[in-house]
Amino acid sequence: MRIIKKLFMQLFLTIISIILISGLPELIMNKNVSMYFQKIKVVLFDVIHLNEMTYMNQGKQRLFLDDIWSPYLYSLTILFGALAIAFCMAQLLTWCTLIMPMFIRRAVKNILTFLESLPDLLVFALVQMAIVLIFKKTGILVSNVASLGAEDRIYIVPIVCLMILPFVYFYKMMILLSEEELGKSYVEMSLAKGMRRIYVLIVHVTRNTSEGIFHFSKSVLWFMISNLLLVEVIFNIHGITHYMYSDFRPEMLAACLILLVIPFFLLYALFEWTIIRLSRRGELI
Amino acid sequence: MIRSSKFWVGLTILSVFIFSSFGFALFYDSDVRQVQLLYDDDKNLIGGAPFEPSLMFPLGTDPLGYDISQKVLQGAKFTLLAVIAIGVFRVLFSFIVAIPFAFYLPEKIRKGLDQLLSSFYFIPLTIIAVFILSPIIREQLSAEGEEFFLYTFTERIGLEVIILTLLVVPLLGSMIGNMMASVLKEEFIEGARLLGASRWRVFTKHVIPHMLPKLVIVWCQQCVQVLIIFTHLGYFKLFFGGTDIDFNPMMADPPKSLSNEWSGLVGNYYIQIHANPYIALGPIIMFGIAIYAFQLIGEGFQDHLQTRHYKKEKRDRMSGTQNPVNEQRMSFDFVHKRGA
């Protein structure tokens with residue numbers, strides 16, 4: 001019960017800070033503090049009465065909630081898909097890497113440091129160019145490079161773009177954490193008992209590193225939401241951040257960000273709750 | 001003395017960029033050469049702008065014939081110095097915020113505050129920065145049809161630095177605060193307190209020497225983050241120091257950066273990605289190199305911290321890490337006397 005109360009508090013604070021921040025452009029434009037508070041009042045009113053909020057679409061006033069659901073789900077699919085694929089691939093490759101000999105591991109780590117420093121814009125540009133190049137050479141269009149409108153949905157390209165860097169981050173973090181874990185004495189003990197190395201890795205080491213990875217994944221997600229805006233603008237995808245960017249009003253910014261944050265917030269709350277439960281059980285035993 | 005070669009490689013890359021950029025301004029007055037048509041020795045036309053990358057133009061030229069490598073060289077000092085400054089401000093400011101957080105708040109309140117501040121993990125930085133910075137940086141059109149900026153040049157730079165700093169202070173402050181609190185829990189702090197050390201003495205003699213090396217690593221990470229945000233802002237045509245927008249309804253020029261700083265180059269040339277990929281990629285690759293340099297500095301410094309007590313490295317075959325440092329002994333070293 002106390003956990004639930006705390007989570008609500010946290011969600012409430014997130015929403016409040018989003019609203020406070022979204023009023024800032026107004027403050028900067030008018031250099032007037034009272035205008036800022038007026039704007040915040042307007043934003044707050046709009047967020048509370050979200051079902052009555054309107055926006056301009058091709059010169060017509062339309063209800064915000066009527067139009068937002070399908071782009072919203074589309075954006076969420078892309079984000080969740082990219083996050084899940086990046087995580088699973090990184091986990092599998094970590095297992096593969098850790099049973100390799102030492103010099104390969106060190107090479108992998110050096111390559112990862114290099115890959116980590118690729119700016120995301122460069123990754124998007126390279127993906128774009130690669131698709132065009134493949135099309136020119138073989139005539140096979142892997143996927144559309146840009147969607148043509150609100151109805152045209154592309155999935156592969158944005159997911160691949162969003163996935164590459166988080167994959168590298170996860171991979172590197174997992175290797176570092178697992179190597180630290182492998183140095184502990186219980187691993188030596190279980191190896192001495194004759195357990196297979198791969199079994200110790202998958203069952204024990206992974207379980208013990210999972211909490212660190214979970215906390216790390218928050219900052220990866222933070223990075224991915226920023227990237228989502230970039231991907232949607234570059235590939236002309238009509239997702240939720242595209243609406244946000246083309247409208248550019250504080251109300252829209254606040255409403256879209258809140259919508260985007262809630263599912264991830266719930267997901268993380270669920271994970272955290274499970275981790276607390278599991279670790280408590282461990283203590284009792 | 002730092003022995004890690006990674007550290008020195010990174011530092012060399014950065015200083016070469018910055019010093020050559022200043023040298024370029026000093027000796028050549030930052031004069032970017034423009035070559036629109038190229039002739040061979042017999043006065044035959046052999047090409048026109050844009051040129052592909054070659055020995056003569058290492059990064060090619062843009063469609064107007066300006067040499068991109070020289071533009072990059074001219075802009076390096078603005079971008080890199082801004083990044084370093086923002087990184088320093090972020091760490092410094094968060095460190096100041098973290099002091100009362102670690103010293104004066106009781107454990108329970110600190111944990112709660114930490115939980116609340118972690119809600120900032122869900123507020124994506126680029127999106128907020130794009131929204132807040134665009135009224136500052138974009139040139140506006142007044143009712144009389146005149147172009148103007150809302151703020152002067154120095155105000156624009158100052159505000160951009162302040163905003164990019166303040167947006168991360170809640171997260172970074174709580175992170176540094178937790179690091180500091182875990183230093184305060186060490187046994188030697190208790191020992192110092194028992195011997196009668198004041199808070200100030202504990203802070204200057206024990207906490208600062210323990211925190212400084214960690215802060216260097218945090219600073220490198222922050223610089224990387226700032227560089228990435230600069231590429232994003234560049235793509236959204238928000239250039240450091242102001243975006244010059246042409247409001248001419250007929251044949252408007254594309255938005256221009258006031259100096260040739262790198263995010264401006266990224267924003268201006270990204271549109272060329274399909275026609276002349278090398279024009280678009282050049283500045284972004286420069287960003288990549290700068291990020292790699294910061295990354296190398298951070299990693300090299302971390303290696304240095306882990307191995308500074310050893311004459312010769314011994315590697316554990318199973319885990320691949322160095323033998324664990326003997327924590328007990330380390331805690332009683334005088335950290336401010338040992339070379340960082």
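The structure presented is a predicted model; accordingly, all values stated were derived computationally and were not measured. Just so it is clear: chains get the letters A, B, ... in the order the sequence lines come, proteins before strands, and each one is counted from 1.
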Where on B:Ile163 is there a heavy atom nearer than 4.5 Å to chain A: the side chain, the backbone, both, or neither?
-> side chain
Should B:Tyr235 and A:Ile234 count as side-chain neighbours, where that means a heavy-atom distance under 4.5 Å?
-> yes
Any idea which of A:Leu257, A:Val261, A:Leu253 has the most non-hydrogen atom pairs under 4.5 angstrom with chain B?
-> A:Leu253
Do B:His232 and A:Asn227 come close enough that some side-chain heavy atom pair is under 4.5 Å?
-> yes
Are the side chain of A:Ser226 and the backbone N or O of B:Thr126 linked by a donor-acceptor pair below 3.5 Å?
-> yes
Toward chain A, the part of B:Ile127 with a non-hydrogen atom under 4.5 Å = both
Below 4.5 Å, heavy atoms only, C-beta onward: do B:Val130 and A:Met244 meet side chain to side chain?
-> no
Between A:Leu121, A:Leu126, A:Leu13, A:Thr241, which has the largest tally of heavy atom pairs under 4.5 Å with chain B?
-> A:Leu121
Out of A:Leu27, A:Leu230, A:Ile225, which one racks up the most heavy-atom pairs below 4.5 Å with chain B?
-> A:Leu230
Going from CD on A:Glu26 to CD1 on B:Ile132, what distance comes out if it is rounded to the nearest 0.5 angstrom?
-> 12.5 Å
Part of B:Phe236 within contact of chain A (heavy atom distance under 4.5 Å) = both
Heavy-atom distances under 4.5 Å only: say whether A:Glu116 touches chain B with side chain, backbone, both or neither.
-> both
Between A:Tyr245, A:Tyr268, A:Phe223, the one whose heavy-atom pairs under 4.5 Å with chain B are most numerous | A:Tyr245
For each of B:Ala290, B:Ser134, B:Ala280, tally heavy-atom pairs with chain A at distances under 4.5 Å, and name the one with the top tally.
-> B:Ser134
B:Val266 portion near chain A, given a 4.5 angstrom heavy-atom threshold = side chain
